[in-house]
Novice: 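First, the structure itself, so that you have it in front of you.
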Amino acid sequence: MSWESIIPNVLAGQSQSLAGSSPAAAMDNEQFAAFYARSARSLWAYLARVSRDPGLADDLTQEAYVRFLCAAHPQDGEVAARRYLFKIATNLLRDHWRRPQSSSIEEIPEHTFADSSGETQADSLAMLGPAMAQMRPRDRQLLWLAYAEGYSHHEIAQITGLASASIRLLLFRARRKMARLLRSGGEA
Amino acid sequence: MSPFTCARERELSELIRKGHWPQASPADLRAHVTSCRSCSDLVLVTDTLQASHRHTAELPRLEPAGAIWWRAQLRRRNAAIEKVSRPILGAQLFASTMALVVIAAVAVWQFGNWSVWFADLPGTLHLDALIPSATPENGILWIIMPVLATIALLSGVVVYLASEKQ
């Protein structure tokens with residue numbers, strides 16, 4: 001007797017025990033494709049800018065979506081789903097940094113983000129790479145979530161796991177440092 | 001006013017978020033930003049990061065959504081199988097252990113009968129010709145040991161094949 005005959009629903013991904021909480025129950029293939037199209041580039045940008053490693057961002061983006069689909073997640077709309085996705089990505093980044101590294105992410109050259117089209121970038125944008133390199137990973141996360149993604153302090157606290165009360169102070173310090181670095185051309 | 005932020009920062013943030021900064025902003029706020037360090041930091045950092053967001057989001061070559069969907073389904077399926085297999089593996093181990101205990105108990109209990117049976121085996125099967133003439137008196141071990149080794153080997157193979165099939 002094979003497994004398929006014993007537990008056909010489990011193998012088909014339609015287990016009753018999973019149906020109530022799985023994303024598959026809430027999001028079908030087409031819905032996921034639409035959600036992916038709307039959110040993947042933002043997620044990749046977040047991972048790439050915070051990790052400063054586009055290759056790692058590729059890997060973690062895929063892994064974040066797979067975990068998103070495998071795990072239970074809030075069912076109250078795309079905003080919550082998107083926030084949950086960023087939380088998964090943040091945890092993946094944290095796990096990555098905790099693992100022993102064969103090479104430091106600080107060694108990744110910033111020119112990987114250079115515009116290949118040859119268009120002239122604004123001065124501040126050109127300064128962003130060196131400035132980001134001077135920031136701590138957590139500060140990069142906070143700044144990106146707050147000012148690139150537009151998340152509130154409460155949402156950032158949910159995504160990063162930091163205390164909501166401390167976000168304001170951490171963000172203020174990070175922003176001040178970033179502004180100073182941008183004005184000085186990325187020099188510490 | 002918070003010790004860390006300017007009182008007009010919330011207003012400024014809202015204008016930036018809506019895309020009204022700086023053209024559709026009050027003149028006094030624009031004047032304030034030039035003189036307020038906190039607000040000018042906010043404008044500089046927000047403008048830079050949003051420009052970077054637009055630029056960076058154009059860079060990735062994303063994997064098709066269908067491939068990620070399929071991979072997630074595969075992982076869920078494997079997780080479900082693993083979840084179901086765990087107690088069955090325990091039952092297998094328990095059954096194997098009990099079988100070995102029973103075999104050992106029967107072997108010990110029936111050792112006398114088996115000794116006689118094995119002693120007669122060469123004569124029954126006419127194996128005398130295969131036993132070297134120089135074999136000592138307890139040469140029956142020459143028969144028992146290969147038989148037991150073969151049984152043990154075959155048992156291992158059967159258990160392995162059964163596990164692989166499942």
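Because only heavy atoms are used, hydrogens play no part in the values below, and waters and symmetry mates are left out as well, while side chains stay in. Naming convention: chains lettered A, B, ... in sequence-line order (proteins, then strands); numbering from 1 in each chain.
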Novice: Hey, is the main chain of B/H53 close enough, under 3.5 Å, to the side chain of A/R49 for a donor-acceptor pair?
Specialist: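 Such a contact is absent between A/R49 side chain and B/H53 backbone.
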
Novice: Between B/L42 and A/Y147, what is the shortest heavy-atom contact and its length?
Specialist: CD1-CE2, 3.3 Å

Novice: Below 4.0 angstrom, N of the basic side chain to O of the carboxylate: do B/D41 and A/R183 qualify?
Specialist: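 Salt bridge present between B/D41 and A/R183.
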
Novice: Closest heavy-atom contact between A/R175 and B/S38?
Specialist: NH2-OG, 2.9 Å

Novice: Specify the closest pair of heavy atoms between A/C70 and B/R76, including all atoms of both residues, with the distance to one decimal.
Specialist: SG-CG, 3.5 Å

Novice: Please report the closest heavy-atom contact between B/I68 and A/L69, naming both atoms and the distance.
Specialist: O-CD1, 4.1 Å

Novice: Compare all side-chain heavy atoms of A/N29 with those of B/Q73 and state whether any distance is below 4.5 angstrom.
Specialist: no

Novice: State, to 0.1 Å, how close A/A45 and B/A57 come at their nearest heavy-atom pair, and which atoms those are.
Specialist: CB-N, 4.1 Å

Novice: Does A/E78, at its CD atom, have more than 12 non-hydrogen atoms belonging to other residues, nucleotides or ligands within less than 6.0 Å?
Specialist: yes

Novice: Is there a path of hydrophobic side-chain contacts, each under 4.5 Å between heavy atoms of I/L/V/M/F/W/Y residues, joining B/I81 to B/W70?
Specialist: no

Novice: Table please: side-chain donor-acceptor pairs of residues 15-23 of chain B below 3.5 Å, with sequence neighbours left out.
Specialist:
{"from": "B/R17", "atom 1": "NH2", "to": "B/E14", "atom 2": "OE2", "distance (Å)": "2.6"}

Novice: Hey, quick one: are B/L148 and B/V106 part of the same hydrophobic cluster, counting side-chain heavy atoms closer than 4.5 Å, chains of contacts allowed?
Specialist: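 As far as the 4.5 Å side-chain criterion goes, B/V106 and B/L148 are connected within one cluster.
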
Novice: Is the side chain of A/Y36 donor-acceptor paired with the backbone N or O of B/E63 at a distance under 3.5 Å, no angle test?
Specialist: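 Confirmed, A/Y36 side chain pairs with B/E63 backbone.
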
Novice: Transitively linked via ILVMFWY side-chain contacts under 4.5 Å: A/L60 with A/W97?
Specialist: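 Cluster IDs for A/L60 and A/W97 match.
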
Novice: On a heavy-atom basis, which atom in B/A65 and which in A/A33 lie closest, and how many Å separate them?
Specialist: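 What the structure gives for the nearest pair is CB-CA, 3.8 Å.
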
Novice: Got a second to check how far A/L182's CG is from B/L44's CG, nearest 0.5 Å?
Specialist: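 A/L182 CG to B/L44 CG: 5.0 Å, rounded to 0.5 Å.
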
Novice: Is B/S13 close to chain A through its backbone or its side chain, or both, or neither, when contacts mean heavy atoms under 4.5 Å?
Specialist: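 No part of B/S13 comes within 4.5 Å of chain A.
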
Novice: Hydrophobic clustering (ILVMFWY, side-chain heavy atoms < 4.5 Å, transitive) - are A/V79 and A/Y46 grouped together?
Specialist: no

Novice: Using non-hydrogen atoms only, which part of A/L143 is less than 4.5 Å away from chain B: side chain, backbone, both, or neither?
Specialist: both

Novice: Against chain A, work out which of B/Q50, B/R71, B/R37 has the most heavy-atom pairs shorter than 4.5 Å and name it.
Specialist: B/R37

Novice: Would you say B/V159 and B/I103 are hydrophobically clustered, going by side-chain heavy atoms of ILVMFWY under 4.5 Å?
Specialist: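 In one cluster with B/V159: B/I103, no.
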
